[in-house]
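Data block below; observations after.
Hydrogens, waters and symmetry mates are skipped; everything else that's a heavy atom, side chains included, is used. So you know, we letter chains A, B, ... as the sequences are listed, proteins then strands, and number each from 1.
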Number of protein chains: 2
Amino acid sequence: MKSEKSKEILKFPKATFERLKQYHALLTQLEIEQKQRYILSEEIAEMLKITPEQVRKDFSYLKTSGKPKVGYNISELLAELDELFGIKANDNIIIVGAGNLGSALANYKGFQNIGARVVAIFDKDQEKVGKMVGELMVLPLKDIPRVVRRFHVRTVAICVPEDAAQQVADLLVAYGIKAIWNFSTRILDVPNDVIVQNEDITRGLLSIKHMLAESEKRKYENSEV
Amino acid sequence: MKSEKSKEILKFPKATFERLKQYHALLTQLEIEQKQRYILSEEIAEMLKITPEQVRKDFSYLKTSGKPKVGYNISELLAELDELFGIKANDNIIIVGAGNLGSALANYKGFQNIGARVVAIFDKDQEKVGKMVGELMVLPLKDIPRVVRRFHVRTVAICVPEDAAQQVADLLVAYGIKAIWNFSTRILDVPNDVIVQNEDITRGLLSIKHMLAESEKRKYENSEV
DNA sequence: TAGATTGTTAATCGATTAACAATC
DNA sequence: TAGATTGTTAATCGATTAACAATC
């Protein structure tokens, strides 16, 4: 029974784990569309711009298996991934910062697909407190501990301006928060047992810039030959 | 001279390139703070939760070198990374979708640090057209081709609801856009020569869920011994 | 049955870590 | 000078790709 319990979180290659998240998103989408019941590794590969061999290799770590010439059962695969990511075990999260970004997050409908729910949104600005964001009323920061206790909140999204991010993080750590979802570009300094997930969007744009530069370069070289 | 030109975009290990973006963000922050002129590989490593050896290995691909016992000159390192990422070559980008997320993006101040500028924001909703988002007036979709031509826009951020994302992508591809910065969770189907950068935020939350589950598991196991 | 696709093993490739000489 | 830190080479580790048998 112990070994059972321990096995619940399997050890995948880190790279595989990252792709499993992509498969999960794709399969969720396909499941909603209801257009097909099976999917080939080839089709998945094409949509995610990877190779079919890679897809099959990744799936070989799962219990679900595919049928030659038929592919993988979408519902079955999705169910296993849901289980794997603990989608059914709902996580209550809160948002600090009720600006545009915080509001966008609060209104985001996709959280239910990954077993998360936004239970409250906070702002230090008295002007914003009391206003509605979607179905939530903006609360003052002092209410954070109460909400955290009541809803067993472990994860907090920080959506405040750069210069307030560290301060808010310190506060949350003091309140016993386990994980910070950091939407500021500020590198946060927190104790080692607090999980920080940086969601610095500028990284994506840097990748685009780089890829654009590379394709320009290729064009230049080809025209030269 | 050809070889000069070709060398402008150096070949780094992919993993190193990803970390270079983190170093860039960190150094940008330190440069703004003006608290120190030099930084040790050890200090960088601690802030980014990697090893100092990794940092030095990554930097060995750069021209900038550090001084034993002194570290790396922050300005010098940042200047090289700026050059490397083409920060000085400004990129004009546009945003489609003037909801909370699009508005957050339009108001984001950090773009200048990575050589990007939002020149326009669009929405299909007539109610939103004409309203101000920061310093930009929301424009109707039909104005996209004009703006793209006038500002040489290559990159577009898609901030529309899930079910409109593919449609907008098709439109943009037809207008000759080179790169799509996709903020919807929808997997987009576009021609191979169009760059797509997916900014699916739910992935970060899945990582958090997984890390929380792992640390719970560790706690459980330790208490059992 | 023939052909297509899966799943797995082995080979290759790439990234990280370890070790240590060079240098301030 | 002694000690700390950098930078590089070699060793290890991990991930991807190739090859191919199994199977529908």
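B:I39 places its CD1 atom 10 Å from the P atom of D:dT6, with the value rounded to the nearest Å. At whole-Å resolution of the value, CG in A:L62 and P in C:dT6 are 14 Å apart. Rounded to an integer number of Å, the gap from CD1 of B:I44 to P of D:dT5 is 14 Å. Here the C1' atom of nucleotide C:dG7 and the NZ atom of A:K63 are 18 Å apart, to the nearest Å. D:dC13 atom P lies 16 Å from atom CD of B:E53, rounded to whole Å. In this structure, B:L20 places its CG atom 14 Å from C1' of C:dA15, rounding to the nearest Å. In this entry the distance linking CD of B:E42 with C1' of D:dA4 reads 11 Å, nearest Å. In this entry the distance linking CD of B:E18 with P of C:dT16 reads 11 Å, nearest Å.
B:Y72 comes within 4.0 angstrom of the backbone, heavy atoms only, and of no base. Among the heavy atoms of the strands, none lies under 4.0 Å from B:T16. Note on A:K14: only backbone sugar-phosphate atoms sit closer than 4.0 angstrom, heavy atoms only; bases stay farther off.
Between C:dT5 and A:Y38, no contact under 4.0 Å exists linking OP1 or OP2 to a side-chain N or O. Taking only side-chain nitrogens and oxygens, B:Q54 never comes nearer than 4.0 Å to OP1 or OP2 of C:dA15. Close to C:dT16, at under 4.0 Å from its OP1 or OP2, lies a side-chain N or O of B:R19. For B:R56, a side-chain nitrogen or oxygen approaches OP1 or OP2 of D:dT6 to under 4.0 Å. For the pair A:S60 and C:dG7, the criterion of a side-chain N or O lying under 4.0 Å from OP1 or OP2 is not met.
Candidate nucleotides C:dT6, D:dC24, D:dA15 were compared by shortest atom distance to the side chain of A:K67, and D:dC24 ranks first. Distance from the side chain of A:K57 is smallest for D:dT17 among the nucleotides D:dA10, D:dT17, D:dA15. Taking only side-chain atoms of A:L40, from C-beta outward, the nucleotide of D:dT17, C:dT6, C:dC24 with the closest atom is C:dT6. The nucleotide whose nearest atom lies closest to any side-chain atom of A:K69 is, among D:dT6, C:dG3, C:dT6, C:dG3. The side chain of B:P68 lies closest to D:dT5, out of C:dT9, D:dC24, D:dT5.
Between A:I95 and A:G102 the shortest heavy-atom distance is CD1-O, 3.7 Å. Nearest heavy-atom pair, B:N113 versus B:H24, reported as atom, atom and distance to 0.1 Å: O-CE1, 3.6 Å. Annotation for B:V160 and B:G97: closest pair CG1-CA, 3.9 Å, computed over non-hydrogen atoms.
With salt bridges taken as basic N to acidic carboxylate O contacts below 4.0 Å, none links A:E42 and A:K69. The residues B:R154 and B:D91 are annotated as salt-bridged, a charged nitrogen and a carboxylate oxygen being separated by less than 4.0 angstrom.
Using Watson-Crick or G-U wobble geometry with both donor-acceptor distances under 3.5 Å, D:dG3 finds its partner in C:dC24. Under the Watson-Crick and G-U wobble criteria, each requiring two contacts below 3.5 Å, nucleotide C:dA10 is paired to D:dT17.
Each of B:Y72, B:Y23, B:Y38 was compared with B:L77 under the side-chain contact (heavy atoms from CB on, under 4.5 Å) criterion, and only B:Y72 meets it.
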